[in-house]
S.K.: 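Let me begin by handing over the structure; questions about it come next.
Every chain is numbered from 1 and lettered A, B, ... according to where its sequence line falls, protein lines coming before strand lines.
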Amino acid sequence: MLKIAIIIFRECLEIALLLGVILASTTHIKNSRLYVITGAMTGIVLASIFAFFIRTVTAVYGTYGDAIFDSGVILLTTFIISWTVVWMQGYTQKIKTNLGKLAEKITTNNASKALLVAIVAATIFREGAEIILLIYGVSSASLSASEYIIGLIIGSVSGFIVGIVIYTGLIKLAGKYIFKISTILLILIAAGLASEAAGILTSVGAIEIYRETLWDTSWLIDNNSTVGKLLHITIGYDSKPNGMQIIFYCCSIIFTLIMIKIRTLLTKGKYA
Amino acid sequence: MVNFFWNIMVKKRHSLIFLLVIFFTQISIASDDDVVKIDLHIKDHKFTPEVVELPADKKVNITVYNDDPTIEEFESLDLKREKIVLGNSSIKIVLAPLAPGEYKFFGDFHQESAQGKIIVIGKNEDA
């Protein structure tokens, strides 16, 4: 029971962290909760379809191809997160210029709404398929179902609570620095995902250069320890990164920063 | 120039197909030689074999059979891969040639028992 709770909790942690940051940074947007919920629903539906698909055609489902698919989904998530960060910069500008009517919530265009839905959907999809398969596997095995259900509830509720803690913590503690802090967090989360994708691509052999491990800090913080896991989700920590992972990581950060610069220049021109 | 391609594509189609066939057979022969195939079984949340020795500079195809009715996730932080294995089914993992060293892997849902490692031996150490 406890074991299944821990597993579910671990799977929920990544969702909770990202959603906590996203929710905290979009509180000023009108109906943002609605888009987040829509995104969550879309993500759950997509994950269910994917889980069903993988379950039925698992034998046909390729070897090389699904590693590419995995890294594709991860890179897409990276891209959506970076895009959100860039878009957020534009709307902090909006808040500054609309200081007089701060009480009024900011309405956004359709593209940003779609973006908000997409980022939540992508996050839930990535971890959700695994949770669904896990639940399915449990229900098909001849094991005490009630214990698993209790474990499942404990795991998901505690994951949910962590999300709320992150959300309220960011709102309360970060205060006016909330945009800066969540921007930095999101940029690092995106870079970490880019590095994860690079890891898969080099491991499967799709990328054949810079595959050598550069350093090993597993003696300090192991990837599989709790601290290592948390650092992995937040800043993309890997104890044995290879060259390509570092390149992806840095490129993701640099690309986002350049886009933010362009975006800020553009919006400044618009509202000046 | 156009005529040249026309010649190759249409008039000498048979030779082109012939060349392509040779080309692809070469590739498949070459890749078959360089691939090491390994079977891993999960039973009672334990891997057999727990330690796998592999040569360096060869592609690796690992087939993971889950003989338990419960779901498992084959995961290796050193190999940077993770993949769900449903109960009583199998998955394949393709790996690019590995550098000599130790690579730990584990079953993510039963980490207390499902542990194993790949040891890659370099060509020089072999002798």
S.K.: Check whether A:E208 gets within reach of chain B through its side chain, its backbone, both or neither, counting any heavy atom under 4.5 Å.
M.R.: neither

S.K.: May I ask you to say whether A:D70 pairs ionically with B:K83, meaning some side-chain N is under 4.0 Å from a carboxylate O?
M.R.: no

S.K.: If we define contacts as heavy-atom pairs under 4.5 Å, which of A:E196, A:Q245, A:E212 has the most with chain B?
M.R.: A:Q245

S.K.: Is it the backbone or the side chain of B:E73 that comes under 4.5 Å from a heavy atom of chain A, or both, or neither?
M.R.: side chain

S.K.: Do B:K80 and A:I200 have side chains that get closer than 4.5 Å, going by heavy atoms?
M.R.: no

S.K.: Passes side chain to side chain contact (heavy atoms under 4.5 Å, CB included), A:V204 versus B:R81? Steps please.
M.R.: CA-CA 9 Å; A:V204 79; B:R81 297 291 282 281; 3.6 Å; yes

S.K.: Can you tell which part of B:D108 gets under 4.5 Å to a heavy atom of chain A, answering side chain, backbone, both or neither?
M.R.: both

S.K.: Only heavy atoms, only distances under 4.5 angstrom. Which residues in residues 111-118 of chain B are near chain A?
M.R.: B:Q111, B:E112

S.K.: Check this for me: A:K229, atom NZ, are more than 12 non-hydrogen atoms of other residues, nucleotides or ligands nearer than 6.0 Å?
M.R.: yes

S.K.: If you round to the nearest 0.5 Å, how far is CG of B:D78 from OG of A:S239?
M.R.: 7.0 Å

S.K.: Measure A:S218 against the heavy atoms of chain B and call it side chain, backbone, both or neither at under 4.5 Å.
M.R.: neither

S.K.: Select one option (side chain, backbone, both, neither) describing which atoms of A:D222 are under 4.5 Å from chain B's heavy atoms.
M.R.: neither

S.K.: Testing the basics here: between B:P97 and A:R211, what is the closest heavy-atom pair and its distance to 0.1 Å?
M.R.: O-NH2, 2.5 Å

S.K.: Identify the heavy atoms of A:G205 and B:A96 that sit nearest to each other, and give their distance.
M.R.: CA-CB, 3.4 Å

S.K.: Find the distance between OH (B:Y103) and NZ (A:K240) and round it off to the nearest 0.5 Å.
M.R.: 9.0 Å

S.K.: Apply side chain to side chain contact (heavy atoms under 4.5 Å, CB included) to the pair A:L133 and B:L86, showing each step before the final yes or no.
M.R.: CA-CA 8 Å; A:L133 281 171; B:L86 297 171; 3.8 Å; yes

